[in-house]
Amino acid sequence: MKPVIIDCDPGVDDAVAILLANKLPEFNILAITTVAGNVSLERTTYNALGLAEFIGLDVPVYRGAAGPMFRERVDAAEVHGNDGMAGIDLAHSRKEVEGVIAWDAIYQHAVAWKGELELIAIGPLTNLGMAFIKYPDLPKLLKRIVIMGGSTNEGNASPAAEFNIYADPEAADIVFCAGVPVHMCGLDMTMKALMTPEDIERVAALGSKEAKFFRDVVQGIIAFMKKLGVDGINMHDPAAMLYAADGSIFKAYPAGIRVETRGSITLGKTVTDLYSDAKWPKNGFAVMDVDCEAFMARVMELMKQYQVLAG
Ligand code: RIB
Ligand code: CA
């Protein structure tokens with residue numbers, strides 16, 4: 001099993017990703033760290049605490065950055081709802097997060113796991129950027145980083161940039177330059193990991209409270225995407241999570257990746273050298289494709305593991 005920390009900004013698709021991670025046999029989930037992103041840090045942290053309790057994931061939750069390293073915070077409340085959970089209140093008994101801030105917790109776990117720790121980051125990369133700035137020896141203590149973020153081509157927060165990178169471009173470039181292999185699960189792949197309303201209903205029909213939550217929590221985004229002419233929801237974070245567990249149903253290519261931090265119209269673009277002879281160092285992998293049928297089968301297989309409670 002891989003020791004992993006999930007850094008996230010729940011967030012609807014973060015919530016689905018964590019539902020799946022909780023059942024992935026490949027993971028030893030050590031902790032959740034939260035960051036401002038889709039909504040405020042207060043909300044992403046509240047949602048992470050509630051979600052962990054809702055699915056019986058008994059791991060520490062560490063609060064991280066309330067905004068990007070050098071810029072004003074942007075959010076995606078128009079997509080995820082002002083509470084970040086499409087109006088679903090995951091009330092919970094554990095009111096407090098751990099007393100250690102996320103980047104210190106990442107470092108402490110990295111030291112403890114002596115280079116085996118993998119980070120799965122499905123929100124803005126501020127916590128990871130802070131960790132690398134504060135702890136110069138962290139890179140050699142991490143096995144790899146898998147992110148949902150970026151793209152070799154299109155954007156969603158702007159024509160050039162994907163939201164997680166756009167929200168904190170400087171932190172993202174620090175991560176790509178840190179010397180740890182970064183597996184970029186960008187829009188090239190995640191836009192293909194589309195679940196239709198019929199797929200969602202097949203999950204709900206499994207009958208567990210978690211399966212019904214899965215259906216309920218994505219309805220707002222499905223409505224949002226319908227206005228854009230898309231019938232369904234792009235499973236951005238869940239696809240990155242399944243890639244982190246088992247890359248066999250995905251296609252990833254070695255790449256040199258840097259982030260535009262000075263452009264006005266290109267700010268936050270992950271400039272990716274896949275084919276040129278520019279000789280950029282291959283600091284990571286661009287995950288470009290997914291076997292959608294296998295993706296759906298894996299989602300169903302994992303969601304079947306949640307028990308249907310009598311009554
Ligand atoms: O662009 C999609 C990403 O931005 C996802 O991680 C979603 O949760 C938002 O954070
Ligand atoms: Ca996210």
Side-chain angles (χ1 to χ4, degrees), residues 5-21 32-41 43-48 51 61 64-68 73-86 88 102 119-129 145-169 171-172 175 182-195 214 217-218 220-222 224-225 228 230 232-244 259 267-270 286-287 290:
I5 289 179
I6 299 172
D7 187 73
C8 57
D9 61 333
V12 168
D13 58 326
D14 302 68
V16 173
I18 293 168
L19 272 182
L20 301 177
I32 291 174
T33 52
T34 60
V35 66
N38 288 315
V39 288
S40 69
L41 175 67
R43 286 303 319 180
T44 59
T45 305
Y46 179 91
N47 294 334
L51 192 67
V61 175
R73 183 170 73 87
V74 295
D75 71 26
E78 75 282 2
V79 180
H80 296 259
N82 289 329
D83 62 1
M85 208 46 71
I88 297 175
L119 301 182
I120 304 171
I122 52 177
L125 295 170
T126 316
N127 291 341
L128 277 68
I145 298 168
V146 176
I147 71 168
M148 189 284 135
S151 87
T152 66
N153 181 17
E154 60 201 321
N156 57 7
S158 80
E162 179 279 328
F163 175 79
N164 286 336
I165 308 299
Y166 182 78
D168 196 342
V175 172
V182 180
H183 294 247
M184 179 173 79
C185 297
L187 297 176
D188 311 275
M189 179 273 282
T190 66
M191 293 296 280
K192 297 170 186 170
L194 180 90
M195 287 184 69
F214 185 128
V217 79
V218 303
I221 292 187
I222 286 181
F224 181 89
M225 296 304 290
L228 301 179
V230 175
I233 174 173
N234 302 112
M235 283 290 164
H236 301 296
D237 294 343
M241 195 62 74
L242 293 195
Y243 173 85
V259 179
L267 180 68
K269 180 171 181 57
T270 44
V287 186
V290 57

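Each ligand, and each atom within it, is numbered from 1 in the order the structure gives. The structure presented is a predicted model; accordingly, all values stated were derived computationally and were not measured. Below, each value reflects all heavy atoms present in this structure, side chains not excepted, and no hydrogens, waters or symmetry copies.
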Engineer: Does either side chain, that of T33 or that of D7, offer a donor lying less than 3.5 Å from an acceptor on the other one?
Structural biologist: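 Yes, side-chain donor-acceptor contact under 3.5 Å.
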
Engineer: Give me the atom names and distance for the closest heavy-atom approach of A17 to M241.
Structural biologist: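 Between these two residues, the closest heavy atoms are O-CG, 3.6 Å.
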
Engineer: Within the 4.0 Å heavy-atom shell around M148, which atoms of ligand 1 are there?
Structural biologist: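 Under 4.0 Å from M148, ligand 1 has these atoms: 2 (C), 3 (C), 5 (C), 6 (O).
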
Engineer: What is the nearest protein non-hydrogen atom to atom 2 (C) of ligand 1, stated with its residue, atom name and distance?
Structural biologist: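 Protein heavy atom with the smallest distance to atom 2 (C) of ligand 1: E162 OE2, 3.4 Å.
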
Engineer: Which ligand 1 atoms are under 4.0 Å away from a heavy-atom of D14?
Structural biologist: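 Those atoms are 8 (O).
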
Engineer: What is the name of the N/O/S atom in D9 that sits closest to the Ca ion (ligand 2)?
Structural biologist: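 D9's closest N, O or S atom to the Ca ion (ligand 2) is named OD1.
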
Engineer: Taking non-hydrogen atoms only, is T190 closer than 4.0 angstrom to ligand 1 via side chain, backbone, both or neither?
Structural biologist: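 Contact part for T190 vs ligand 1: neither.
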
Engineer: List the closest protein heavy-atom neighbour of atom 10 (O) of ligand 1: residue, atom name, distance to the nearest 0.1 Å.
Structural biologist: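 Heavy-atom neighbour on the protein nearest atom 10 (O) of ligand 1: N164 OD1, 2.9 Å.
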
Engineer: Short question: side chain of D9, backbone of T44 - any donor-acceptor pair under 3.5 Å?
Structural biologist: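 No: the side chain of D9 does not pair with the backbone of T44.
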
Engineer: So, is G123 placed with an N/O/S atom under 3.0 Å from the Ca ion (ligand 2), counting both backbone and side chain?
Structural biologist: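 Given the 3.0 Å cut-off, G123 does not count as a ligand of the Ca ion (ligand 2).
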
Engineer: Is there a nitrogen or oxygen of N156 sitting under 3.5 Å from a nitrogen or oxygen of ligand 1?
Structural biologist: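 Yes, there is a polar N/O contact under 3.5 Å.
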
Engineer: What is the nearest protein non-hydrogen atom to atom 6 (O) of ligand 1, stated with its residue, atom name and distance?
Structural biologist: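 Ranking protein heavy atoms by distance from atom 6 (O) of ligand 1, first comes D237 OD1, 2.6 Å.
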
Engineer: Write out the residue and atom name of the closest protein heavy atom to atom 7 (C) of ligand 1, then the distance separating them to 0.1 Å.
Structural biologist: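 Heavy-atom neighbour on the protein nearest atom 7 (C) of ligand 1: D13 OD1, 3.3 Å.
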
Engineer: List ligand 1 atoms under 4.0 Å from H236, heavy atoms only on the residue side.
Structural biologist: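 Under 4.0 Å from H236, ligand 1 has these atoms: 2 (C).
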
Engineer: Flag I122 as yes when one of its N or O atoms lies below 3.5 Å from any N or O atom of ligand 1, and as no otherwise.
Structural biologist: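 Between I122 and ligand 1 (N or O atoms, distance only) the closest approach is under 3.5 Å.
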
Engineer: Considering all heavy atoms of both residues, which atom of S151 and which atom of T270 are nearest to each other, and what is their separation?
Structural biologist: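 Looking at all heavy atoms of both residues, the closest pair is O-OG1, 2.5 Å.
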
Engineer: Restricting to non-hydrogen atoms, name the atom on V16 and the atom on P238 that form the minimum distance, rounded to 0.1 Å.
Structural biologist: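 Looking at all heavy atoms of both residues, the closest pair is CG1-CG, 3.6 Å.
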
Engineer: Please give me the minimum heavy-atom distance between V79 and F224, naming the atom from each residue.
Structural biologist: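 Heavy-atom minimum between the residues: CG2-CZ, 3.8 Å.
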
Engineer: D168 side chain to G67 main-chain N or O, any donor-acceptor pair under 3.5 Å?
Structural biologist: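 No, D168 side chain to G67 backbone: no donor-acceptor pair under 3.5 Å.
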
Engineer: What's the shortest distance from atom 9 (C) of ligand 1 to any protein heavy atom, and which residue and atom give it?
Structural biologist: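 So the nearest neighbour among protein heavy atoms is N38 OD1, 3.0 Å.
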
Engineer: Examine the proximity of ligand 1 to D9 and report which part, side chain or backbone, both or neither, has a heavy atom under 4.0 Å away.
Structural biologist: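 Side chain only; the backbone of D9 stays clear of ligand 1.
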
Engineer: Main chain of D83, side chain of N47: is a donor-acceptor contact present, judged purely on distance under 3.5 Å?
Structural biologist: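 Confirmed, N47 side chain pairs with D83 backbone.
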
Engineer: State which residue, out of D14, N127, T45, fulfils the side-chain hydrogen bond (donor to acceptor under 3.5 Å, both in side chains) condition with T34.
Structural biologist: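 By the side-chain hydrogen bond (donor to acceptor under 3.5 Å, both in side chains) criterion, T34 pairs with just one of D14, N127, T45: T45.
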
Engineer: Can you name the N/O/S atom of D237 that is nearest the Ca ion (ligand 2)?
Structural biologist: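 In D237, the N, O or S atom with the shortest distance to the Ca ion (ligand 2) is OD2.
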
Engineer: Strictly under 3.0 Å, is any N, O or S atom of D14 next to the Ca ion (ligand 2)?
Structural biologist: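 A backbone or side-chain N, O or S atom of D14 is under 3.0 Å from the Ca ion (ligand 2).
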
Engineer: Looking at V175 and L125, what are the two nearest heavy atoms and their distance?
Structural biologist: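 Reported closest heavy-atom pair: CG2-CB, 4.1 Å.
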
